[in-house]
Amino acid sequence: MAPAPQSVAAAVVGKDKSGPQRALEKLGLVRPIDFALHLPLRYEDETRIVPIASLGDGAQAQVEGVVSECQVQQRGRRQLVVRIHDGSDDLVLRFLHFYPSQQKALAVGTRVRVRGEARGGFFGLEMVHPSFKVVTPATPLATALTPVYPTSAQLPQAYLRKAVAANLARADLAELLPPELVPRGLASLREALTFLHQPAPSVGLATLEDRSHPAWQRLKFEELLAQQLSQLQAKRERERQRAPRLAVRAGGLQERLLGALPFTLTAAQRRVVDEIAGDLQRAARGTAGGLATTVPMHRLLQGDVGSGKTVVAALAAAIAIDNGWQCALMAPTEILAEQHLRKLVGWLAPLGITVAWLTGSRKGKGRTRMLEQVASGEAALVVGTHAVIQEQVRFAKLGLAIVDEQHRFGVQQRLALRAKLGARFDPSAEPDARPDVGAKPGARADDDATPAACGIEPHTLMMSATPIPRTLAMTLFADLDVSTIDALPPGRTPVVTKLFADAKREAVIARIRDDVAQGRQVYWVCPLIEESETLDLRNATATHQQLSAALPGRTVGLLHGRMVAAEKAAVMAAFTAGQLSVLVSTTVIEVGVDVPNASLMVIEHAERFGLSQLHQLRGRVGRGSAASVCVLMYGTPLSQTAKQRLKAMMETGDGFEIARRDLEIRGPGEFLGARQSGAPLLRFADPATDEALVHAARAAAATLLDQRPQIALAHVVRWLGTRSDYLKA
C-alpha cells in the first residue's frame, strides 16, 4: 500500500504553523484520512429559510430579513439588540457579548441570514447569540446539511469545515475489504464518508444523530474491524514470544502456601488459580539458554470488591518463585501497595520467601539494600508502586509481572514493567529449567546472556476490582484471557446503602456517634476537587474539625493526598489498629484498605463521584461480622447523570451490574480509564448497542489475518496509524 498522502490542511492556512494548524494536530488531524474520519457531532439545516411568523418557542430554524433597528442597550449589562423583519413578522436578535465589528455588520438596512433557537421574550420572539451572515437576495442556500465538528476554542468551525472538505477530497478511500466480509446492505467507505460529511437535506436528522443510518453502520463496522484486527495481531504476536515455563510441582511452594492459609479458597478462587497455573505451565515451545519456554500469559483477573484477588496473586507468585524466577507486584498507590505487602509477607515470609518493598518514599540505605536484593535475586517477590519500574531497579530474573488496578496505570508504565528484564543471569550456567533464585546471578552487567537477549519476557497478570462488562471484554479486551472471581468469600456481610441530603448532616453525625459508642469504626470520605488541592484539603480539614468537636473523647484521623507517605502510613496503621474511631479521608482509601471493624462509610457529595468509585468505596465496609451501612450524602440540585448513579447504588450491590450500568452512563472511553492513554478509543461504535457488528468484525478479522494479511495491515494503518502498539499493554 502506498504511503498515506500528507495532509493539505497547511494549504488552507499557508505554510506557517499557525494556531489553528497546531490545534488540528492536537486533535490528531494530521493525515488526510484523519480528517475524513473526523465526523460531525451534529448538523444544522441551512438548506431552507422559514418565515419569522411561523416560528414557535424553542424552534431551531434559519430565517432571513432586513435589519430595522440596531442599538446598544444598558439592561444591567451592555448588550447589542437588533430587530429584523422579513415581511411576515419581526424578530429580535440579542447579543450579550459582542464586538464593534458585529455591530457594524448589523447596520440598519443590511440583509442577514440568521440561524438559532427562537425563544419567547418580553418584546416577542427573540434569538440569543444566533449565528448570522450578511447576504444579498441572490445568495444561494446550502445544498447539504451543514456539519458541526468536534473542535477546540482555537479552531473555528468555518476553518475546520474547509480543512475537512479539502482532505476528504484527497484521502485514499479505496475499498480495501473483500465484499463478502462487509455486512450486507452497507455502502462503500467513500460513499459512507461523503454522505456523513455532506448529507442531503431530505435525510432525517434523527437517523444521523442516533447513528442508526447505514452510512454510520459502515463506519462502525470499519472501526470495530480495525480494533479487532489490532487486538488479534497483538495476541498472535505474543503467542510467538517466549516466557519461562513455570511448572506446578507436587509439594511445591504453592501447595505449601495453600496449606498454611488460615482460610479455605472459594470455588471461584480455585478455578481462577487453576486457569493461571494452566497458562504458566503450558507445553514447552522450545528452549532459551537451556530453559524451557512457553507462550507468555497475558491474563486479566477481575473480581468484585473483596472477592479475594490478592491471595490468587500470591498463589501465582508462588509458582514463579518455586521455579526460580522473581515476581513483581505493582499497585497504583502506596496505601494499596502496603495492604498487599502486609498480606503477602504474612503468608510468604513464614515459608522462607524474602519480599522487597519499593516505593517513591523509600530512601537512603533501606532503598539501596532493597535494590541490591532485587538485583541479586535474594528478593523473590518485589511489591511497590510505580517505583518498581524506575530505571535503577534491575531484576535478576523476572518471570511474572502482576499489575493491580491496571486501568489506573498509563500504557507506558505497564509496558515498562513487562520490559524489566535487565537481568544479569547466565542461562548456560543453569542447566535445569527450574534454577534456584538464590543461586549466584553469575554474569556481568553487559553480558548478552539475559532473558531479553534470549527472547524471554515475563508472564503478565493484570488485576481489576472494576469488572469488565461482557460486550467490552469482547472489544477492547479481546486480546486478553479473562479470569473472573464471581463469588465473595463466606462471612462478607451485605452493605445497606442509604441516601441523605446534605441538609441531614447532623443526623448522619448522630449515627456515627452511636456506632463509635459500640466500638465500631467509621470512614468519612470527602470529594476530590480536581480544580484545587487547596480546596480539597480545606474541605477535608473542616470536616475533620467538625467531627472532632462532635465526638468528644474520640480520636478522629485525617488522611489526604498532600501528606507525605510516612504520615499516610502512620494514620492508616493507627486506624487499622483501632486507635482511631473515625477516619476522614479523600479518595486515597478507594481500593485495598481492609479494616474489618469499620462498619459505616459516609461519602460526602456522593454526586461528584463516578459509579465505579462509589462501589469501590462502599466495599471498604462489610468486611467483618457487624452489619454495615454506606451513607451517600448528596447536594442539590442533582444532574440526570448523578441521579442515575445514586439510583444504581441503591438498587444493587453486584459489581458486575454496577459495571454494566457504569458503561451505559459513561461510555467505553471514560469507563476504561487509563488503559486508553495513547490507545485508540471506539469513537463511533458502542459495544453495548452494536453487538451484532462486534461479532461480524471478530469473524472478519480472523479471516483477513489468515487469508489477506496485507489487507489487514493496510486497514489497521488506515484507522489507527501507529497507535495500535499501545494495545499490547
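Source: prediction; values computed, not measured. Along the sequence shown, residues carry numbers from 1.
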> Before you tell me yes or no, could you show the steps for Met463 and Ile402 under side chain to side chain contact (heavy atoms under 4.5 Å, CB included), namely the whole-Å CA-CA distance, both residues' side-chain angles and the distance that decides it to 0.1 Å?
CA-CA 7 Å; Met463 303 197 297; Ile402 302 174; 4.1 Å; yes
> With a 4.5 Å heavy-atom cut-off, do Val273 and Gln254 have their side chains touching?
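They are in side-chain contact.
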> Is any side-chain heavy atom of Leu461 closer than 4.5 Å to one of His459?
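No. Closest side-chain heavy atoms not under 4.5 Å.
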> Should Arg661 and Glu651 count as an ion pair when the cut-off is N to O under 4.0 Å?
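Between Glu651 and Arg661 there is a salt bridge, with a charged N closer than 4.0 Å to a carboxylate O.
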> With a 4.5 Å heavy-atom cut-off, do Lys309 and Ile485 have their side chains touching?
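Answer yes - side chains close enough.
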> I need the single residue from Leu246, Leu280, Thr460 that forms a side chain to side chain contact (heavy atoms under 4.5 Å, CB included) with Met297. Which is it?
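Only one of Leu246, Leu280, Thr460 forms a side chain to side chain contact (heavy atoms under 4.5 Å, CB included) with Met297, namely Leu280.
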> Can you name the closest pair of heavy atoms from Arg505 and Thr543 and give their distance?
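The answer is NH2-OG1, 3.5 Å.
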> Can a side-chain donor-acceptor contact be found between Thr310 and His340 if the only test is distance below 3.5 angstrom?
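Short answer, yes.
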> So do the side chains of Ile658 and Arg618 get within less than 4.5 Å of each other, counting heavy atoms only?
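Of all side-chain heavy-atom pairs linking Arg618 with Ile658, at least one is under 4.5 Å.
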> Is it true that a side-chain atom of Gln326 and a backbone atom of Ala396 form a donor plus acceptor pair closer than 3.5 Å?
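Yes, because the side chain of Gln326 sits within donor-acceptor range (under 3.5 Å) of the backbone of Ala396.
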> Can you tell me how far CZ of Arg342 sits from CH2 of Trp357, rounded to the nearest 0.5 angstrom?
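Going from the CH2 atom of Trp357 to the CZ atom of Arg342 covers 9.0 Å.
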> Locate the shortest heavy-atom distance separating Leu329 from Ala313; write the atom from each residue and the value.
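Looks like CD1-CB, 4.4 Å.
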> Assess the residue pair Arg271 and Asp486 against the criterion (side chain to side chain contact (heavy atoms under 4.5 Å, CB included)); give the C-alpha distance rounded to whole Å, side-chain angles, the decisive distance to 0.1 Å, and a yes or no.
CA-CA 10 Å; Arg271 172 172 43 78; Asp486 51 11; 3.1 Å; yes
> Identify the heavy atoms of Ser628 and Gly622 that sit nearest to each other, and give their distance.
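Answer, listing the atom of Ser628 first, then Gly622: OG-N, 3.1 Å.
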> Find the distance between CG (Asp404) and CG (Leu336) and round it off to the nearest 0.5 Å.
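One finds 5.0 Å between CG of Asp404 and CG of Leu336.
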> Taking all heavy atoms of Thr652 and all of Glu657, pick out the closest pair and write down the distance.
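Heavy-atom minimum between the residues: CG2-CG, 3.8 Å.
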> Where is the tightest heavy-atom contact between Val374 and Ala379, given as atom of each residue plus distance?
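Closest pair (atom of Val374, atom of Ala379, distance): N-CB, 4.2 Å.
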> Going by atom types alone, do Gln546 and His544 pair a side-chain donor with an acceptor below 3.5 Å?
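Looking only at side-chain atoms, His544 and Gln546 do not form any donor-acceptor pair under 3.5 Å.
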> Can you check whether Arg513 reaches Leu551 side chain to side chain, under 4.5 Å on heavy atoms?
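Of all side-chain heavy-atom pairs linking Leu551 with Arg513, at least one is under 4.5 Å.
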> Could you walk me through whether Leu600 and Val631 satisfy the side chain to side chain contact (heavy atoms under 4.5 Å, CB included) test, starting with their C-alpha distance in whole Å, then the side-chain angles of each, then the deciding distance to 0.1 Å, before giving a yes or no?
CA-CA 8 Å; Leu600 176 59; Val631 172; 3.9 Å; yes
> To the nearest 0.5 Å, how far apart are OG1 in Thr576 and CG in Asn597?
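Rounded to the nearest 0.5 Å, the OG1-CG separation comes out at 10.5 Å.
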> Evaluate side chain to side chain contact (heavy atoms under 4.5 Å, CB included) for Asp502 paired with Thr636, printing each intermediate quantity in order.
CA-CA 8 Å; Asp502 192 50; Thr636 54; over 6 Å; no
> First locate atom CG of Leu646, then atom OG1 of Thr641, and finally report the distance between them rounded to the nearest 0.5 Å.
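One finds 11.0 Å between CG of Leu646 and OG1 of Thr641.
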> Using side-chain contact (heavy atoms from CB on, under 4.5 Å) as the criterion, list what pairs up with Ser581, not counting sequence neighbours.
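Testing Ser581 for side-chain contact (heavy atoms from CB on, under 4.5 Å), a comparison that skips the adjacent residues, returns Val516, Arg554.
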> Can you find a pair of side-chain heavy atoms, one from Leu253 and one from Ile353, that are under 4.5 Å apart?
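Sidechains of Ile353 and Leu253: in contact.
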> Does the pair Arg511/Asp515 count as a salt bridge with the N-to-O cut at 4.0 Å?
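Salt bridge present between Arg511 and Asp515.
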> Starting at CD of Gln269, measure out to CG of Leu315 and round the result to the nearest 0.5 Å.
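Rounded to the nearest 0.5 Å, the CD-CG separation comes out at 8.5 Å.
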> Which pair of heavy atoms, one from Ala606 and one from Leu632, lies closest together, and at what distance?
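Shortest heavy-atom separation between Ala606 and Leu632 comes out as CB-CB, 3.9 Å.
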> Give, for atom NE2 of His615 and atom CG of Asp662, the distance between the pair rounded to the nearest 0.5 Å.
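Here the rounded value is 10.5 Å.
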> Side-chain contact, heavy-atom cut-off 4.5 Å: Arg369 with Glu378?
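In short, these two side chains touch, coming nearer than 4.5 Å.
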> Check whether any side-chain heavy atom of Val311 lies under 4.5 Å from a side-chain heavy atom of Phe263, and answer yes or no.
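Counting from C-beta outward, Val311 and Phe263 do come under 4.5 Å.
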> Look only at the side chain of Glu457 and the backbone of Ala243, and say whether a donor-acceptor pair between them is shorter than 3.5 Å.
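Here the side-chain-to-backbone pair does not exist.
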> Would a distance-only check, ignoring hydrogens and angles, find a side-chain to backbone donor-acceptor pair under 3.5 Å from Arg645 to Phe609?
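Side chain of Arg645 to backbone of Phe609: a pair is present.
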> Any luck finding a side-chain donor-acceptor pair between Glu275 and Ser483 under 3.5 Å?
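Yes - a donor-acceptor pair under 3.5 Å links their side chains.
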> Taking Gln521 for the side chain and Leu580 for the main chain, is one N or O donor matched with an acceptor at less than 3.5 Å?
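At least one qualifying donor-acceptor pair exists.
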